[in-house]
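In this text, all values refer to a predicted model and were calculated from it rather than measured experimentally.
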Amino acid sequence: MTKKCKVNLTQHAQDDLEHIYYYIAADSPNNAVNFVLQLEEKLYSLNTYPERHPLIPENEFFGTDYRHLIYKKYRVIYRVIADSVFILRIIHGAKILQV
């Protein structure tokens with residue numbers, strides 16, 4: 001049986017998700033709802049095997065052990081601590097992570 005982790009969204013990640021919704025909704029509210037629901041499904045899939053996604057390249061500079069899940073044009077930056085996954089940021093793939 002696979003051990004499940006608890007997935008937690010930080011306030012920054014919640015704000016990022018809201019910003020993404022409103023950005024897409026400016027053109028199409030239906031597309032915004034669908035995109036956010038699909039993205040949330042990916043986020044909560046991290047409850048099993050969260051280490052399956054690669055470490056981020058920025059770890060070398062920040063001294064961190066963050067991972068990322070890529071979904072369409074977005075990077076979900078997260079950290080695994082014991083039995084918990086912390087979603088730190090959801091950023092556009094063209095942006096550089098700043099901590």
Exercise for the section: Check the pair Arg79, Thr64 against side-chain contact (heavy atoms from CB on, under 4.5 Å), reporting the backbone distance first and the verdict last. Expected result: CA-CA 9 Å; Arg79 184 174 188 191; Thr64 55; over 6 Å; no
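- The distance from atom CZ of Arg89 to atom CG of Leu17, rounded to the nearest 0.5 Å, is 12.0 Å.
- Within the 3.5 Å criterion, the main-chain N or O of Glu51 finds a donor-acceptor partner in the side chain of Arg67.
- Judged purely by atom type and a 3.5 angstrom limit, Tyr66 has no side-chain atom pairing as donor or acceptor with the backbone of Pro57.
- Closest approach of Pro50 to Cys5, counting heavy atoms only: CG-SG, 4.0 Å.
- The shortest heavy-atom contact between Leu55 and His68 is O-NE2, 4.4 Å.
- Side-chain contact between His12 and Ile87 is absent, with no heavy atoms from C-beta onward closer than 4.5 Å.
- Screening Tyr23, Tyr21, Tyr74 against Phe35 for a ring-ring contact (aromatic ring centres under 6.0 Å, His included) leaves a single residue, Tyr74.
- Side-chain contact between Ile90 and Leu43 is present, with heavy atoms from C-beta onward closer than 4.5 Å.
- With salt bridges taken as basic N to acidic carboxylate O contacts below 4.0 Å, none links Asp83 and Lys6.
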Exercise for the section: Decide yes or no on side-chain contact (heavy atoms from CB on, under 4.5 Å) for Val76 and Leu39, but give the supporting numbers first. Expected result: CA-CA 9 Å; Val76 176; Leu39 180 54; 4.0 Å; yes
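- For residues 31-45, the set of pairs meeting the side chain to side chain donor-acceptor pair (under 3.5 Å) definition, not counting sequence neighbours, comprises Ser28-Asn31, Gln38-Tyr71, Ser45-Arg52.
- Leu69 and Leu9 fall within a single hydrophobic cluster, where Ile, Leu, Val, Met, Phe, Trp and Tyr side chains are chained together by heavy-atom contacts under 4.5 Å.
- Contact annotation: the side chain of Asn47 never approaches that of Val85 to less than 4.5 Å [non-hydrogen atoms, C-beta and beyond].
- Side chain of Thr10 to main chain of Leu88: a donor-acceptor pair is present (N/O by atom type, distance under 3.5 Å, no hydrogens or angles).
- Both Leu37 and Leu46 belong to a single network of hydrophobic side chains, linked directly or stepwise wherever heavy atoms of I, L, V, M, F, W or Y lie under 4.5 Å apart.
- The closest side-chain heavy-atom distance from His92 to Ile20 is not below 4.5 Å.
- Connection of Ile81 to Ile56 is established within a shared hydrophobic cluster, with ILVMFWY side chains joined at heavy-atom distances below 4.5 Å, either directly or through further cluster members.
- Gln14 contributes atom CD, which lies 16.0 Å from atom NE2 of His19 (distance to the nearest 0.5 angstrom).
- Rounding to the nearest 0.5 Å places CD1 of Ile24 at 12.0 Å from CG of Asn30.
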